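Here's the structure we're looking at; comments come further down.
Please read these numbers as outputs of a predicted model, since none were measured by experiment.
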Amino acid sequence: MSALILVLVGVASGVTTALFGFGGGFVAVPVLVWADAALGADAPRVAVATSSVLMVVAAAVATASTPWSVLAGLRGSGRLLGLLALGGALGAVAARHVPGDVIAVGFVTYLVATIVSVTARPGFLHAGTDGAPPFRPGTGLPIGAVAALLGVGGSVVTVPLMRRAGHRMAVATALANPLTLAVALPATVVFLLLSGGRPGGAGAGFVGAVDIRAAAGLLAGSLPVIVVLRRRGPHVSDRAHARWYVGLLVVVTVAMTAALLR
């Protein structure tokens, strides 16, 4: 895959990170599966490992670009953040022992289940009031584990939960970035240290299972976009914001399915 295509995909990833709270794993995994298709069954494993690096950097930049008044919504969430981090590390360890095809199918299955949940159950498509804490701290462990194992990014789990807790989309997607950072940082450390070395047939530019060159191209496109949109994002209604979120879930599900069928 050419560097230009990776940068352009990075731009799209930056838009989704800034406006919807996801990007590194959510957008990048299908693209990376396609980009590293020559690695065969190892391609999904490489995609998940590489996406964890993207999530760390993108989530850190998005968090730093978010007003403190919004981030204050996470005050008193130390236990939640700790459990998210522990779950992220455990999920990354599990990903080393799970076949790549299983991870890829799990990615698609989880997205389909999420789409059904947010459209069929009340609480997501209607406006919130920001009157409740994000969600119970005890849910941090399974959220972190699933997000790291499948590479979906913590926001795919946390945004629907925060919506049902009463948060507006603007707040839920903004808070998803520091929550994703809590998951992705330990997961990335695990992937770098315990990913089992470079996949068979991988060329230069790999650190363990992480495709550094692909990650660099995606970040080159995403980071400037994240900074600009977090500071001067478009103003959209809460209902439209929620519908666009669901629409992007559908687009990524189709893209990942197409990548698996190649």
Side-chain angles (χ1 to χ4, degrees), residues 6-7 9-32 35-36 44-66 71 74 77 80-96 103 107 140-141 143-159 173-195 205-227 229-230:
L6 286 170
V7 170
V9 172
V11 171
S13 176
V15 171
T16 60
T17 297
L19 299 183
F20 301 99
F22 56 73
F26 199 67
V27 174
V29 166
V31 175
L32 290 167
D36 290 313
R45 180 170 66 93
V46 169
V48 171
T50 305
S51 74
S52 69
V53 175
L54 300 176
M55 284 189 286
V56 167
V57 180
V61 171
T63 299
S65 304
T66 300
L71 294 177
L74 291 178
S77 299
L80 169 64
L81 294 173
L83 288 172
L84 284 169
L86 178 58
L90 293 175
V93 171
R96 181 186 177 189
I103 292 175
F107 183 97
L141 186 63
I143 288 172
V146 169
L149 172 63
L150 301 181
V152 295
S155 59
V156 182
V157 187
T158 59
V159 169
T173 54
L175 293 181
N177 288 307
L179 296 175
T180 295
L181 182 60
V183 174
L185 186 57
T188 298
V189 172
V190 171
F191 279 127
L192 289 174
L193 296 178
L194 303 176
S195 58
F206 278 75
V207 176
V210 177
D211 187 341
I212 297 298
R213 292 189 300 183
L218 291 166
L219 288 171
S222 65
L223 296 186
V225 175
I226 291 171
V227 172
L229 291 181
R230 287 309 303 161

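- With values rounded to the nearest 0.5 angstrom, Asn177 atom CG is found 5.0 Å from Thr63 atom OG1.
- Here the closest non-hydrogen pair linking Ala94 and Leu149 is C-CD1, 4.0 Å.
- Rounding to the nearest 0.5 Å gives a distance of 9.0 Å between CD1 of Ile226 and CG of Leu229.
- For the pair Val11/Ser222, no side-chain contact is recorded, criterion being any heavy-atom separation below 4.5 Å from C-beta on.
- Rounding to the nearest 0.5 Å places OG of Ser65 at 9.5 Å from CG of Leu223.
- The OG1 atom of Thr17 lies 10.0 Å from the CZ atom of Arg230; values are rounded to the nearest 0.5 Å.
- Taking every heavy atom of both residues into account, Thr66 and Ala174 meet most closely at CG2-CB, 4.2 Å.
- Leu81 and Pro178 make their closest contact through CD2-O, 4.5 Å (heavy atoms, listed as atom of the first residue, atom of the second, distance).
- With rounding to the nearest 0.5 Å, the separation of CG in Leu32 from CG in Leu54 is 6.5 Å.
- Between Thr50 and Asp211, the shortest heavy-atom contact is OG1-N, 2.9 Å.
- Put simply, CG on Leu179 and CG on Leu74 are 5.0 Å apart, with the number rounded to the nearest 0.5 Å.
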Open item on the list: Is there a side-chain contact (heavy atoms from CB on, under 4.5 Å) between Val210 and Val46? Walk through the geometry before answering.
Closed with: CA-CA 6 Å; Val210 177; Val46 169; over 6 Å; no
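- Residues Thr158 and Ala176 come closest through the heavy atom pair OG1-CB, 3.8 Å.
- Summarising the geometry of Ala148 relative to Gly88, their closest heavy-atom pair is CB-O, 3.2 Å, with the distance given to 0.1 Å.
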